[in-house]
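In what follows, a structure is listed as structure tokens, so that the remarks can point back to it.
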Amino acid sequence: RHLETLLIQLRAFNEEKEEISRKLKTVVRQVSSLHKEHDETFSKYKEARQQVKQMETATITARNDVLKFHGQFAHKQVECEQLRAQINWMSTDLKEKQKALWSMVSLTDGQPGATGRPAQMSGVGDDQANTLSFSKQEVPRHQFCLAPPLVPLSTDVFLRPGRKVSLEQLKSPDLDTFSLDSADMLCLIEDMFREFQLFERLDIPLSVFRAFLVSVHSKYRSNPFHNFHHAFCVCQMMFVVLSSGVASRVLPLDVLVLLLSAICHDLDHPGLNNGFLIASKSPLAMIYNDQSVLENYHTTTMFSVLAHPETDLFLRHTPENKRELRQRFIKCVVSTDMGKHFAILRETDRLDEVDTSDEGEMQLLLNLLLKCCDVSNEVRPFHVSRRWAQNLLDEFFAQGDLEAELGIPVTPFMDRTQVKMPKTQVNFIDGILLPLFSATVRLVPELAFLVDRLQENRARWAGMMEEDEGERQVEVDTSQVAVYRAGGDGPPAAPHQGPRTPENSPGPGGQTQTLAAKYLGGVEEALNAVGDSSPASAESPRSQGADAPNEQAP
């Protein structure tokens, strides 16, 4: 019985074993099926992931293409608007406008199409003051502007992908800025501010900064030389100077002042110098009492931009900080007046090094740095500096032609019949640039490389001047200057000269000869001061009582 019981239990155990075996086989089959499904699913997942990656790459490429095309379209649209504006401006009757401007001096009062009370422009020798009227909210405009203003850009230009110039190229004086357009320059100025972390360190909102730059760009005119391109070149050279180690010697606030002064130092320049504005009794000359007329106007124009909340870079600054920035900016920009050039050099002669704790010496250093950058074209590659020299002469000659038409004595270095570029550049380098850069390098030795480049370019200009020695040149000799000083009948006419024209006419009543004597005398005295070894003898024309312009440039 016991054996039968064991057999029954064994039989039951076998049945359970077979049942478990069947279930195990079923589970194995299910697991195999799941593994197969998993492999198929994972394969589909890999394919889908690959497709997603491809779609992401295509999306990024498409987005970049859209941004690129958008930037190109915006740039072309701006170019079209600029060309359209220039064509419209040039198609007007220039002769009638010039006659109206010569007979009446008026100022815009800020309202579209409105003008201030007319102020009759009397003769050059008349002492009667002109009547002025303009809005307090609007900056007074010039009555003589040879070039139209630029067409305003949009802040969309900052969305242009990529940069034509790397940061290292931006830190080099060898950068050829003629390969850049206005949009490129605006973006690179933003890069300069980013490099010195000015947005974070001085709490300047990026959107406000961009709006400010676009507004500043729109206030420059399309002059041959004093344009936004020139302002960018000055700013880029200041970036070169600061990147050479100067930034570590000054405060972040000073870096901001230097860069902003470089950008805005010629804001709304009319393409005419202080001497012309004074001689023509311009309203600007009377507003600023013939003292650094354009330089004061440039600062006023900049602060008119900062007066709007959407373009106020210092909106988050304290009133004390704003006053300090304002004073530093004004002093820097006014120092670019060439009438103050020799006085600044004499002030520099007493220093061997700059005391960073002395506010006056630090301001002098800032002035020197801005002045060097303002006339730094001659430290760029020669093909670049030569092109800028030609642009400057084109602007000077346009003023000389206007002076001749108005009966104002033609400024000697703006007379297209007498000026020769190589000789002018050599004299400018010897008389102005080398003393200025040498004085600056004495205080900032890190900038010695700029003097080396200046010497190289001077040698190139000197070689060109020697080549021109054999060619026929028209020059004013000392005897002619003496005749002009004496108020005589002017220099003897050369055999090849034809009938008198506005360029060579002496003017009625000998008045032109008398004023020309003062102009030429002032230039000769300034050049003598440059060549004099004694700094005390280097007086500007205005300090010697001449009625000449208070700036001497080639």
Side-chain angles (χ1 to χ4, degrees), residues 52-92 112 147-170 175-195 199 204-236 239 259 262-264 266-269 305 308-313 384 387 391:
V52 169
K53 287 183 177 181
Q54 292 177 354
M55 293 176 65
E56 288 178 349
T57 303
T59 301
I60 293 173
T61 303
R63 185 183 296 114
N64 290 339
D65 289 341
V66 168
L67 290 174
K68 179 180 179 181
F69 290 139
H70 179 73
Q72 292 176 348
F73 175 76
H75 176 59
K76 294 297 182 183
Q77 202 171 23
V78 168
E79 287 184 345
C80 291
E81 291 297 331
Q82 290 177 340
L83 290 174
R84 186 180 295 111
Q86 291 181 2
I87 290 173
N88 291 338
W89 177 78
M90 294 175 65
S91 64
T92 58
L150 297 177
V151 174
L153 296 177
S154 167
T155 53
D156 291 342
V157 298
F158 293 98
L159 302 179
R160 178 183 293 187
R163 295 286 191 268
K164 290 183 180 179
V165 175
S166 67
L167 193 60
E168 291 304 316
Q169 291 174 311
L170 199 59
L175 176 64
D176 184 358
T177 59
F178 285 104
S179 63
L180 306 173
D181 58 22
S182 293
D184 296 323
M185 297 176 194
L186 291 173
C187 293
L188 291 175
I189 292 174
E190 180 182 317
D191 291 345
M192 298 178 201
F193 278 70
R194 287 185 185 278
E195 176 68 9
F199 300 119
I204 300 175
L206 181 60
S207 59
V208 174
F209 177 77
R210 289 177 171 177
F212 170 81
L213 279 188
V214 169
S215 180
V216 165
H217 169 270
S218 68
K219 291 188 178 299
Y220 274 95
R221 297 182 174 273
S222 54
N223 299 313
F225 185 88
H226 290 101
N227 48 38
F228 181 74
H229 190 177
H230 165 66
F232 171 79
C233 287
V234 177
C235 185
Q236 187 263 332
F239 184 69
L259 291 176
I263 299 168
C264 303
D266 278 330
L267 209 54
D268 198 22
H269 198 292
V305 176
H308 301 281
E310 62 272 12
T311 54
D312 185 3
L313 301 180
V384 176
R387 187 167 174 181
N391 289 352

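Residues: numbered from 1 along the sequence shown. Keep in mind the model is a prediction, meaning the values are calculated, not measured.
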- request: Please check if the distance between the ring centroids of Tyr220 and His229 is under 6.0 Å.
  value: no
field: Minimum-distance pair of heavy atoms, taken over all atoms of Val214 and Leu153
entry: CG1-O, 2.8 Å
query: What heavy-atom pair brings Gln169 and Leu175 nearest, and what distance separates the two atoms?
result: O-CB, 3.8 Å
message: I need the Ile60 CD1 to Asp65 CG distance, nearest 0.5 Å.
response: 12.0 Å
message: For a quick test of reading the model, state the closest non-hydrogen atom pair linking Ala183 to Val157 and the distance between them.
response: CB-CB, 3.9 Å
message: Run the side-chain contact (heavy atoms from CB on, under 4.5 Å) test on Phe239 and Leu167 for me, step by step, so that the C-alpha distance in whole Å, both residues' side-chain angles and the decisive distance to 0.1 Å come before the verdict.
response: CA-CA 10 Å; Phe239 184 69; Leu167 193 60; 4.0 Å; yes
Any side-chain heavy-atom pair of Glu195 and Asp191 under 4.5 Å: no
- prompt: With distance as the sole test, does Asn223 use its side chain to make a donor-acceptor pair with the main-chain N or O of Phe225 at under 3.5 Å?
  reply: no
query: Can you tell me if Ser215 uses its side chain to pair, donor with acceptor, with the backbone of Phe212 under 3.5 Å?
result: no
query: Which is it for His226 and Arg221 under the side-chain contact (heavy atoms from CB on, under 4.5 Å) test, yes or no, and what are the steps along the way?
result: CA-CA 8 Å; His226 290 101; Arg221 297 182 174 273; over 6 Å; no
task: Show your reasoning for whether side-chain contact (heavy atoms from CB on, under 4.5 Å) applies to Leu206 and Arg194.
output: CA-CA 10 Å; Leu206 181 60; Arg194 287 185 185 278; 3.3 Å; yes
query: Once the angle between the rings of Phe209 and Phe193 is folded into 0 to 90°, is it parallel (under 30°), tilted (30 to 60°) or perpendicular (over 60°)?
result: tilted
field: Minimum heavy-atom distance Glu190-Leu213, with the two atoms named
entry: N-CD1, 4.5 Å
query: With no hydrogens and no angle check, is any side-chain donor or acceptor of Asn64 less than 3.5 Å from a backbone partner on Thr61?
result: no
Criterion side-chain contact (heavy atoms from CB on, under 4.5 Å) on Phe232 and Leu180, from CA distance to verdict: CA-CA 10 Å; Phe232 171 79; Leu180 306 173; 3.8 Å; yes
Neighbour count >12 (heavy atoms, 6.0 Å) for atom CZ, Phe73: no
message: Could you report the tightest heavy-atom contact between Cys235 and Ile189, atom names first, then the distance?
response: SG-CG1, 4.5 Å
field: Closest non-hydrogen atom pair between Thr311 and Val305, with its separation
entry: OG1-O, 2.5 Å
query: When you look at NZ of Lys164, are more than 12 heavy atoms from neighbouring residues, nucleotides or ligands closer to it than 6.0 Å?
result: yes
